[in-house]
Participant: 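A single structure is presented below for examination.
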Number of protein chains: 2
Amino acid sequence: MEWEQLLAQAGFRVTTSRRVVMQVLQTAGVPLEPHEILERGRCLHRSLGLVTIYRTLALLTALDLVRRVHRQDGCHGYVIASPGHRHHIICRQCGQATEFPGGDDIHALIERVENETGYRVDDHLLQLAGLCPACRELR
Amino acid sequence: MEWEQLLAQAGFRVTTSRRVVMQVLQTAGVPLEPHEILERGRCLHRSLGLVTIYRTLALLTALDLVRRVHRQDGCHGYVIASPGHRHHIICRQCGQATEFPGGDDIHALIERVENETGYRVDDHLLQLAGLCPACRELR
DNA sequence: CTCACTGCAAAGAATTTGCACTGAA
DNA sequence: TTCAGTGCAAATTCTTTGCAGTGAG
């Protein structure tokens with residue numbers, strides 16, 4: 001339950017809505033869009049509103065408790081974040097999102113690009129897509 | 001002018017609107033959002049409409065003449081694409097976008113992630129952000 | 001001459017804001 | 001008790017669709 005302490009320490013209140021959003025995301029395992037969070041959250045908290053979800057996601061994202069993931073089509077979903085800078089690989093069949101850590105290979109790549117382009121890189125957006133083990137089974 | 005031939009070969013017409021959108025993007029060098037393309041395009045083609053820009057971008061993106069780039073905040077812009085699968089590095093100061101090719105390092109990274117996660121990767125979204133050479137000068 | 005393409009208006013989504021009420025601390 | 005947080009309604013964007021007129025081939 002350490003995220004609750006993190007919230008409190010940062011001066012924010014631990015409310016039912018925030019608990020529900022976190023619980024829904026923790027249970028889901030796949031990236032959810034705001035309206036999907038609403039549907040699932042309503043089961044747990046009748047009066048939950050979409051506006052609150054937007055505001056909650058903005059807060060949780062700012063605190064790095066939740067991460068926003070992109071899709072090529074421009075839609076984005078939200079997933080629970082692990083501590084540290086990580087990236088996601090998303091199954092295009094079932095939507096399952098798995099985090100993986102950045103390794104030396106990313107740094108090597110960034111260094112190469114810095115040399116090739118003359119840029120100084122200070123942020124990166126990396127997301128992979130493919131088939132998860134379970135969906136590969138079904139082929 | 002080879003993009004015009006590509007359009008024609010694919011059975012699409014080379015119209016003024018499409019020429020204007022391409023020219024604006026080629027001139028810009030930085031990723032532009034639809035409404036920015038409209039503003040600049042109007043200078044060249046008075047009656048240009050936003051709807052046409054959306055439709056044109058969808059077409060050009062499908063033909064891989066233009067690429068969509070993402071920002072963490074969810075906004076996205078469009079830039080001229082070079083042939084082949086490339087990635088972008090975007091200057092957070094001036095917005096300048098530069099393409100760079102994927103090298104062995106990306107394949108190595110993907111292979112590592114496949115081994116670690118069991119996924120079979122078939123697509124990736126990689127975008128870097130930082131300071132371009134010109135903006136670094138000004139520091 | 002035809003039909004793909006365009007612009008406009010209007011519909012639909014996605015997201016944000018204003019405001020009075022509610023509940024966590 | 002107090003003020004951050006909430007829900008609702010309405011305002012903003014952002015993007016897509018329907019349709020009649022226009023122009024590329």
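All values reported here derive from a predicted model rather than from experimental measurement. Convention: sequence-line order gives letters A, B, ...; per-chain numbering from 1.
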Participant: Which donor-acceptor pairs under 3.5 Å do the side chains of residues 10-24 of chain A make with protein atoms, sequence neighbours left out?
Facilitator:
{"from": "A:T15", "atom 1": "OG1", "to": "A:R18", "atom 2": "N", "distance (Å)": "3.3"}
{"from": "A:R18", "atom 1": "NH1", "to": "A:R13", "atom 2": "O", "distance (Å)": "2.8"}
{"from": "A:R19", "atom 1": "NH1", "to": "A:E4", "atom 2": "OE2", "distance (Å)": "3.4"}

Participant: Rounded off to whole Å, could you give me the CG-to-C1' distance for the B:L57 and C:dT6 pair?
Facilitator: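 Checked: the CG to C1' distance equals 15 Å.
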
Participant: Could you pull out all residues at least two apart from B:H45 that satisfy ring-ring contact (aromatic ring centres under 6.0 Å, His included)?
Facilitator: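 By the ring-ring contact (aromatic ring centres under 6.0 Å, His included) rule, B:H45 matches no residue at all.
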
Participant: D:dG5, OP1 or OP2 - any side-chain N/O from A:H45 closer than 4.0 Å?
Facilitator: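 Answer no for this pair, as no side-chain N or O of A:H45 is under 4.0 Å from OP1 or OP2.
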
Participant: Check the interface with nucleotides 11-13 of chain D: list each N/O to N/O pair with the protein under 3.5 Å, or write none.
Facilitator:
none

Participant: Between atom CG in B:L59 and atom C1' in D:dT16, what is the gap in whole Å?
Facilitator: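 It works out to 16 Å between those atoms.
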
Participant: Sort and list the pairs that fulfil salt bridge (charged side-chain N to carboxylate O under 4.0 Å, His left out) and have at least one residue in residues 127-138 of chain B, not counting sequence neighbours.
Facilitator: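 As it turns out, there is no salt bridge (charged side-chain N to carboxylate O under 4.0 Å, His left out) pair with a partner in residues 127-138 of chain B once direct neighbours are skipped.
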
Participant: Among all residues two or more places apart in sequence or in another chain, which pass the salt bridge (charged side-chain N to carboxylate O under 4.0 Å, His left out) test with A:D122?
Facilitator: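 Checked A:D122 against salt bridge (charged side-chain N to carboxylate O under 4.0 Å, His left out); matches are B:R92.
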
Participant: What are the atom names and distances for every N/O pair under 3.5 Å that joins the protein to nucleotides 16-18 of chain C?
Facilitator:
none

Participant: Suppose the criterion is salt bridge (charged side-chain N to carboxylate O under 4.0 Å, His left out): which pairs have a residue in residues 20-46 of chain B, not counting sequence neighbours?
Facilitator: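 Residue pairs passing salt bridge (charged side-chain N to carboxylate O under 4.0 Å, His left out), neighbours aside: B:E33-B:R71.
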
Participant: What is the distance from CZ of A:R18 to P of D:dA4, rounded to the nearest Å?
Facilitator: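 Going from A:R18 (CZ) to D:dA4 (P), I get 11 Å.
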
Participant: Can you confirm whether more than 12 heavy atoms, excluding those of A:E116, are under 6.0 Å from its CD atom?
Facilitator: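 Yes, CD of A:E116 has more than 12 neighbouring heavy atoms, counting only those of other groups under 6.0 Å.
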
Participant: Could you tell me how far apart B:R46 (CZ) and C:dT6 (P) are, to the nearest whole angstrom?
Facilitator: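 Rounded to whole Å, this separation is 18 Å.
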
Participant: Among all residues two or more places apart in sequence or in another chain, which pass the side-chain hydrogen bond (donor to acceptor under 3.5 Å, both in side chains) test with B:H35?
Facilitator: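 For B:H35, no residue satisfies side-chain hydrogen bond (donor to acceptor under 3.5 Å, both in side chains) once neighbours in sequence are set aside.
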
Participant: Are a donor atom and an acceptor atom from the side chains of A:H76 and B:H70 found within less than 3.5 Å of each other?
Facilitator: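 No, no side-chain donor-acceptor pair sits under 3.5 Å.
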
Participant: Please list residues of residues 30-40 of chain A whose heavy atoms come under 4.0 Å from any atom in DNA chain C, ordered by number; otherwise none.
Facilitator: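 The answer is none.
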
Participant: Checking side chain to side chain contact (heavy atoms under 4.5 Å, CB included) between B:L126 and each of A:L109, A:I106, A:L125, which is the one that passes?
Facilitator: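 That would be A:L109.
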
Participant: Sorted by first residue and then second, give each side chain to side chain donor-acceptor pair (under 3.5 Å) pair with at least one member in residues 95-106 of chain B; sequence neighbours left out.
Facilitator: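 Pairs touching residues 95-106 of chain B that pass the test: A:R112-B:D105, A:Y119-B:T98, B:R67-B:E99, B:S82-B:E99, B:H88-B:E99.
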
Participant: Starting at atom CE of A:M22, determine the distance to atom P of D:dG5, rounded to an integer number of angstrom.
Facilitator: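 Spelled out: CE on A:M22 to P on D:dG5 is 16 Å.
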
Participant: Other members of the hydrophobic cluster containing B:V79, with the 4.5 Å side-chain heavy-atom rule, please.
Facilitator: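 Same cluster as B:V79: B:V69, B:I90.
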
Participant: Among the nucleotides C:dT15, C:dT6, D:dG5, which one has an atom lying closest to any side-chain atom of B:T56?
Facilitator: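 Nearest nucleotide to the side chain: C:dT6.
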
Participant: Could you list all N or O pairs between the protein and nucleotides 21-25 of chain D that sit under 3.5 Å apart?
Facilitator:
{"from": "D:dG23", "atom 1": "N2", "to": "B:R13", "atom 2": "NH1", "distance (Å)": "2.7"}
{"from": "D:dA24", "atom 1": "N3", "to": "B:R13", "atom 2": "NH1", "distance (Å)": "3.3"}
{"from": "D:dG25", "atom 1": "OP1", "to": "B:V14", "atom 2": "N", "distance (Å)": "3.2"}

Participant: Is any side-chain heavy atom of A:L60 closer than 4.5 Å to a side-chain heavy atom of A:Y78?
Facilitator: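 They are not in contact (no side-chain heavy atoms under 4.5 Å apart), so the answer is no.
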
Participant: Which heavy atom of A:A97 sits nearest a heavy atom of A:P31, and at what distance?
Facilitator: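 So the minimum-distance heavy-atom pair works out to CB-CD, 3.7 Å.
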
